[in-house]
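Data first, discussion second: the structure below is written as structure tokens.
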Amino acid sequence: MVSEKELYAHLKQEFGFTRFKAGQKQVIQRLLAGGSTVAILPTGTGKSLCYQFVGTYTNQTVLIISPLLSLMQDQVEQLRLKGEKRVVALNSNLSYAAKKQILANLHQYLFIYLAPEMLNNPVVLAALTDIDLGLLVVDEAHCISAWGPDFRPDYLQLGKLRQKLGFPVTLALTATATKRVTSDMMRSLKLGRKVKVIRNSVDRPNIFLAVEKSADTQEKNQRLIQLIRSLPAPGLIYFSSKKQCDQICALLNAKSKLTVASYHAGLPAGDRYAVQQQFLGGQIDLICATSAFGMGINKPDIRYVIHYHLPENLESYLQEIGRAGRDGQQSLALILYSEQDRGLQQHLALSALPTNAELEILQNSPQLLEKSSQENQSAQLVWRYMQMGVSFPQMSAVFSQRRTEKLQALQQILAYVNTQGCRRKFILRYFDETKTPQHFRKCCQLANESFDYQQLFDLAKTKNEPNIFAGGNDYEQILKNLFKTD
DNA sequence: CGCCGTATCACTAGTGATACGGCGGTGCACTAGT
């Protein structure tokens, strides 16, 4: 067992901090004692420090599975800035020669970043089994259940990877996971029953939760213009359609003094990078984005996250609103909902999953399968499953279960939108937390269309209180001020 | 499922009503051809 004194000495020496954030020390101690861990820590609590600490302390190689090339790039740069040179991201950005060079000298690196798809490469896998691995990390581990079944099936293969690597000590990191998603992760990673789950509350008390209903698009657009004119910037608006993302971006640029930019997967990589950098640097006030935006974004002062469309599910909703208020100051998470939005989200939930009819056609025509796996997403998925050795009846079962799950998740977010009760309580219950939220239970009910959030921010400012609904405040008085109720 | 753009119809030549097809999110790696 490593002493507390040693832990703090290393923290100070290596990272310059004198205190651990909630959960960090527990995770590190557990890993140093050789126990695999699932860590569910809310955004902004320094998840990457957990494995960086273990790597630098033990001086044993850490392999990090990361979902995005840009995320790997950021982490590599951060570590290099800290003075750690033994870092590499092994991905398709590298030339053949560079990759060969790195693979031949893999044991020299302390931190190796890798996308799950790279593990299909037998040369990479062989090189990895050759080194003395101290720790395997799955960063953004909710991707296993969010993306594995119908978007990036290689996420389902990570358990086999662990096995091939001789079951190294493993850390699965995420900000949001229900009990079911947690057990999904544990099963996929073959973590066994001895694994420890370290879970902090998903609650972010400084984020005010609200939903407003609009009758139609026009009404919604008017309200949106009104909102962004009065709310403090910077802000973030999520869309479920690239086209509408662009259109509303243009509208908001025309109708407000803010600098608004659009961000989605349809834009060239260079533009996306530029928009992100300008947002981080404060030259852009507001981003209109699809779900492509956000992972790895660490901007502390985002004051509001508005959803123009219905979010996909409560897990992704929490991921997305979690980007607001990382500085701990008063922030707002608002869904602008109109009944017609349900159709779009339902379509998106189901369209990626091959139907039984499609499966049958593909099964009967291997040529068609191979040909269309280039352009058609569901054929591509079937193709990957086949390579993974999954039979057609198994696929059919997996996809139909997935359809059910996605529709249930949609029902849950709809229930959240329509709830008459406390929204925070609803979310905490969904994430299997029993604690009572520390705010006046009527605040959500009272927030309605005439509510001016500006008052919320003003009050937080004048009281110099990041979370005006935190314990110890005079709720009745605050509510009287805010809602002008008696 | 619901929206949007285009096609087609009507009636006395440009516009309005209806019908219908297509579209709608997220990324890795690898390959072929320049």
Side-chain angles (χ1 to χ4, degrees), chain A residues 65-73 89-96 98-99 113-125 139-140 142-158 161 214-218 220-221 238-248 262-269 272 288-297 307-313 315-317 319-320 337-353 370-371 373-378 380-381 383-384 387-388 402-403 406-407 409-411 414:
Chain A
I65 307 297
S66 171
L68 303 179
L69 298 179
S70 60
L71 219 58
M72 295 180 207
Q73 200 50 50
L90 202 52
N91 58 40
S92 60
N93 290 342
L94 297 169
S95 68
Y96 179 77
K99 197 155 114 189
Y113 287 86
L114 209 66
E117 284 82 0
M118 198 51 129
L119 299 164
N120 288 317
N121 189 324
V123 183
V124 172
L125 196 58
D139 199 10
E140 308 286 359
H142 60 279
C143 292
I144 294 170
S145 64
W147 282 355
D150 52 17
F151 182 49
R152 291 175 67 178
D154 294 277
Y155 262 104
L156 303 177
Q157 300 277 76
L158 293 178
L161 165 77
S214 319
D216 54 41
T217 309
Q218 212 184 352
K220 190 189 277 192
N221 291 352
Y238 274 107
F239 296 82
S240 300
S241 141
K242 292 182 275 193
K243 195 171 163 188
Q244 287 188 71
C245 179
D246 284 337
Q247 283 171 349
I248 302 296
S262 179
Y263 186 106
H264 52 70
L267 300 171
R272 289 174 64 170
C288 293
T290 60
S291 56
F293 184 82
M295 232 188 252
I297 296 295
H307 278 71
Y308 186 89
H309 291 123
L310 188 69
E312 187 186 354
N313 53 48
E315 278 92 347
S316 50
Y317 187 55
Q319 286 275 341
E320 286 161 356
Y337 179 67
S338 45
E339 300 271 339
Q340 312 90 279
D341 297 344
R342 186 176 183 273
L344 173 60
Q345 206 49 260
Q346 186 169 319
H347 168 82
L348 292 176
L350 300 180
S351 64
L353 288 163
E370 181 160 11
K371 188 167 162 271
S373 69
Q374 308 290 321
E375 61 250 17
N376 174 320
Q377 201 195 332
S378 55
Q380 196 183 347
L381 192 66
W383 183 247
R384 277 297 296 133
Q387 290 173 324
M388 282 160 51
R402 183 69 172 164
R403 263 189 288 277
K406 284 186 138 184
L407 290 177
L410 191 59
Q411 286 305 317
L414 278 168

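Residue numbering restarts at 1 for every chain, and letters A, B, ... go by the order of the sequence lines. Quick caveat: nothing in here was measured; it's all calculated off a predicted structure.
- Here, dG27(B) and dC4(B) have their C1' atoms 29 Å apart, quoted to the whole Å.
- Centroid-to-centroid, the aromatic rings of His307(A) and Tyr317(A) come within less than 6.0 Å.
- Glu312(A) comes within 4.0 angstrom of a nucleotide base, judged by non-hydrogen atoms across all strands.
- Comparing dT12(B) with dA17(B), their P atoms sit 15 Å apart, to the nearest whole Å.
- With a heavy-atom cut-off of 4.0 Å to chain A, the contacted part of DNA chain B has its first and last nucleotide at dC1(B) to dC30(B).
- Contacts between residues 144-153 of chain A and DNA chain B, counted as heavy-atom distances below 4.0 Å, involve Trp147(A), Phe151(A), Arg152(A).
- Comparing the same atom, C1', in dG16(B) and in dC11(B) gives a spacing of 11 Å after rounding to whole Å.
- A syn orientation is assigned to dA13(B), its glycosidic angle lying within 90° of 0.
- Here the closest non-hydrogen pair linking Arg272(A) and His264(A) is CD-O, 3.6 Å.
- With a cut-off of 3.5 Å on both pairing distances, the Watson-Crick and G-U wobble pairs of DNA chain B assemble into stems of 3 or more at B:1-10 with B:15-24.
- Distance noted for atom C1' between dT26(B) and dG5(B): 27 Å (whole Å).
- Ion pairing between a basic and an acidic side chain is recognised when a charged N comes within 4.0 Å of a carboxylate O; Asp150(A) and Arg403(A) show no such pairing.
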